[in-house]
Amino acid sequence: MSHQPPAILRMTKLKTWSAVATSGGHTWRTLTVPHADPERTHLNEDWRPVTSPGALRAAIEQRLALVTAAAAKSPVLCVEYLITARTEAFKGYGGEVDAPAYFRDALAFVEARHGASNVVAVNVQNDEAAPHLVVYVTPLVERPARTVRKSVFAGGRDENGKLKRVTKEIRWPAEVVLSADHYNGTPAKLAALQTDFAEKVAAKHGLARGLELSAASHTTNKQHHEALERALAGHIGLTPEVLARQGRLWSKETPETQAGRLSELIRDHYAPTVARAATAGHDRRRANEMAETARRHEERYKAVVTELAAFTEGLSAAQQAEVKQAASQLRRENEERERREAEQARQQREEMERERKREAMREMERIEQRERALVKGLKTATPLDFAGADEATRRECWGLLASRDDLAQAFERMTVSPYFDSAGHLTDMGRRAVASTTDPAASHPTRTAEPEAHTTHYVPHSRLSGPGM
């Protein structure tokens, strides 16, 4: 059996908008990325509408607006997942892994874990040494309404002199919480993340899980390149002054030209040796870390064997095999139950999201219906009608009069009337005209309270009351 290359899944918590901007700049190459090939950047793909650092922030803010519960003091705004494998694992580089298929399954895994609506951006990078998938997630958690029991002080003291306490049941409403810890807050959860990903995604594509209990620490590309630059700068560098002492032997070249030519020649010749020397410290550290990882696995293995001995003592090989088979069956049943529960939760989240969108559409329709009713009434309303409307409706209608071309004539009627000032507020004459409509003696449709030039007929202001008013 051939050795399976490991799948790579890394998770980064972005706690500040600065961190979000830096990550987005790296992903969409608005920042300099030394190890990316600019000739291949056009091969990168976006699997969501977000295509820039600014759009990433806007998408995160849109999701954060749904949060209804108080967040932690410094909450994680976004979780960034990077999914890839070693270069040699992919097709085109000597391996068998189909990158698009691998990334599609990886994205489905992240969506099942966090909910598809919380995945705000997806970018596939094909301009580096190996293909990468970058997924940005807002870690929202939808908690259903629940009842919790809480011990509270009841007042007074008991027979022992201690403050009295009682247990109360408190009803908590449904809420949306921003909590990255809910998903990845403990070492156990992070280990489970790697195991689940290996079993549900990596194994399908011929990739293995990384080492558990690993003591290795990550060396970034930046650290690696900085080590090389320091080594090369410290080992090679001829100066014109040194060459100037060689007399006239090289008189056909200036000292500067000779220095540049020979330095470049020596640099090229010794670069591999210098690079190995510069990274030797990293290699030694890596070897020590792998040794520590092996020791941890050995200790865990011994502990497990000791623990299992108490359960298997006295059992035959056949009986032990039955126990293992039963344990495997229980594990599969638990995994299937968790899968069903996760699927049900996903469907519930999607249904809630659909209902939210439907309610938003209904609200928009109500607003548009109300506006149509107001516009229809304003086209025939007199200044006295308008003056008789309640202040909130009059303010809303004044905005419509000033902004809609089809209400230009109505706007002119109101602006020339002495009932309103330039902002649409009632003048003293307007208030007197409205007050006179409550006088039974003034019930004739022609209102003598208005100046002759503006004589009109009073129509009850209900025509300016849209739906819901």
Side-chain angles (χ1 to χ4, degrees), residues 17 54-55 57-71 173-176 352-469:
W17 290 117
R57 173 165 182 163
I60 296 172
E61 289 178 332
Q62 184 176 10
R63 294 300 299 168
L64 296 182
L66 302 177
V67 175
T68 59
E175 58 186 4
V176 178
M352 291 176 64
E353 183 69 14
R354 286 193 292 269
E355 179 57 31
R356 185 187 67 80
K357 291 180 180 178
R358 286 194 292 267
E359 179 58 32
M361 291 295 296
R362 289 193 290 267
E363 179 63 21
M364 186 177 298
E365 290 174 359
R366 286 194 292 267
I367 293 173
E368 292 176 350
Q369 183 181 359
R370 170 179 170 75
E371 184 172 316
R372 286 194 296 270
L374 290 175
V375 169
K376 181 179 179 181
L378 285 169
K379 287 182 177 180
T380 58
T382 67
L384 189 55
D385 294 335
F386 193 56
D390 65 87
E391 184 177 356
T393 301
R394 193 168 60 250
R395 258 197 324 269
E396 182 181 2
C397 289
W398 193 265
L400 290 174
L401 288 167
S403 61
R404 293 180 62 111
D405 293 339
D406 56 344
L407 293 177
Q409 293 182 354
F411 191 34
E412 185 178 359
R413 284 200 304 274
M414 305 309 169
T415 54
V416 300
S417 168
Y419 294 163
F420 315 102
D421 61 19
S422 59
H425 301 127
L426 286 179
T427 61
D428 291 340
M429 183 178 291
R431 282 189 284 273
R432 287 196 298 270
V434 172
S436 68
T437 62
T438 60
D439 184 356
S443 59
H444 192 277
T446 301
R447 310 305 302 164
T448 57
E450 297 185 67
E452 184 176 349
H454 301 288
T455 299
T456 184
H457 296 282
Y458 174 70
V459 181
H461 71 267
S462 60
R463 69 169 59 180
L464 295 180
S465 300
M469 294 298 292

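Quantities reported herein were computed from a predicted structural model and do not represent experimental measurements.
- Using a 4.5 Å cut-off on side-chain heavy atoms (C-beta onward), Met361 and Lys357 make no contact.
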How far apart are the C-alpha atoms of Leu374 and Glu371, what are their side-chain angles, what is the distance that settles it, and do they pass the side-chain contact (heavy atoms from CB on, under 4.5 Å) test? CA-CA 5 Å; Leu374 290 175; Glu371 184 172 316; 5.7 Å; no
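- The pair Glu359-Arg366 meets the salt-bridge criterion, with a side-chain N (NZ, NE, NH1 or NH2) lying under 4.0 Å from an Asp/Glu carboxylate O.
- Using cut-offs of 30° and 60° on the angle between ring planes, the pair Trp398 and Phe420 is tilted.
- With a 6.0 Å radius and a threshold of 12 heavy atoms from other residues, nucleotides or ligands, Gln62 has its CD atom at or below the threshold.
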Determine whether Leu378 and Arg404 satisfy the following criterion, side-chain contact (heavy atoms from CB on, under 4.5 Å), listing intermediate values before the conclusion. CA-CA 11 Å; Leu378 285 169; Arg404 293 180 62 111; over 6 Å; no
Do Arg372 and Glu368 pass the side-chain contact (heavy atoms from CB on, under 4.5 Å) test, and can you show the C-alpha distance, the side-chain angles, and the key distance before you say yes or no? CA-CA 6 Å; Arg372 286 194 296 270; Glu368 292 176 350; 3.8 Å; yes
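- Annotation for Leu407 and Leu400: closest pair CD1-O, 3.8 Å, computed over non-hydrogen atoms.
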Candidate pair Val434 and Tyr419, rule side-chain contact (heavy atoms from CB on, under 4.5 Å), full reasoning: CA-CA 9 Å; Val434 172; Tyr419 294 163; over 6 Å; no
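- Listed for the Thr68 side chain is a donor-acceptor partner under 3.5 Å among the backbone atoms of Val176.
- With respect to Glu391 and Arg394, no salt bridge is recorded, no charged nitrogen being found less than 4.0 Å from a carboxylate O.
- Nearest heavy atom pair, residue Thr382 against residue Met414, reads O-CE, 3.8 Å.
- A 6.0 Å sphere centred on CD of Gln409 holds no more than 12 heavy atoms belonging to other residues, nucleotides or ligands.
- Closest heavy-atom contact between Ala69 and Glu175: CB-OE1, 3.5 Å.
- In plain terms, the two heavy atoms of Pro383 and Arg413 that are nearest each other are CG-O, 3.9 Å.
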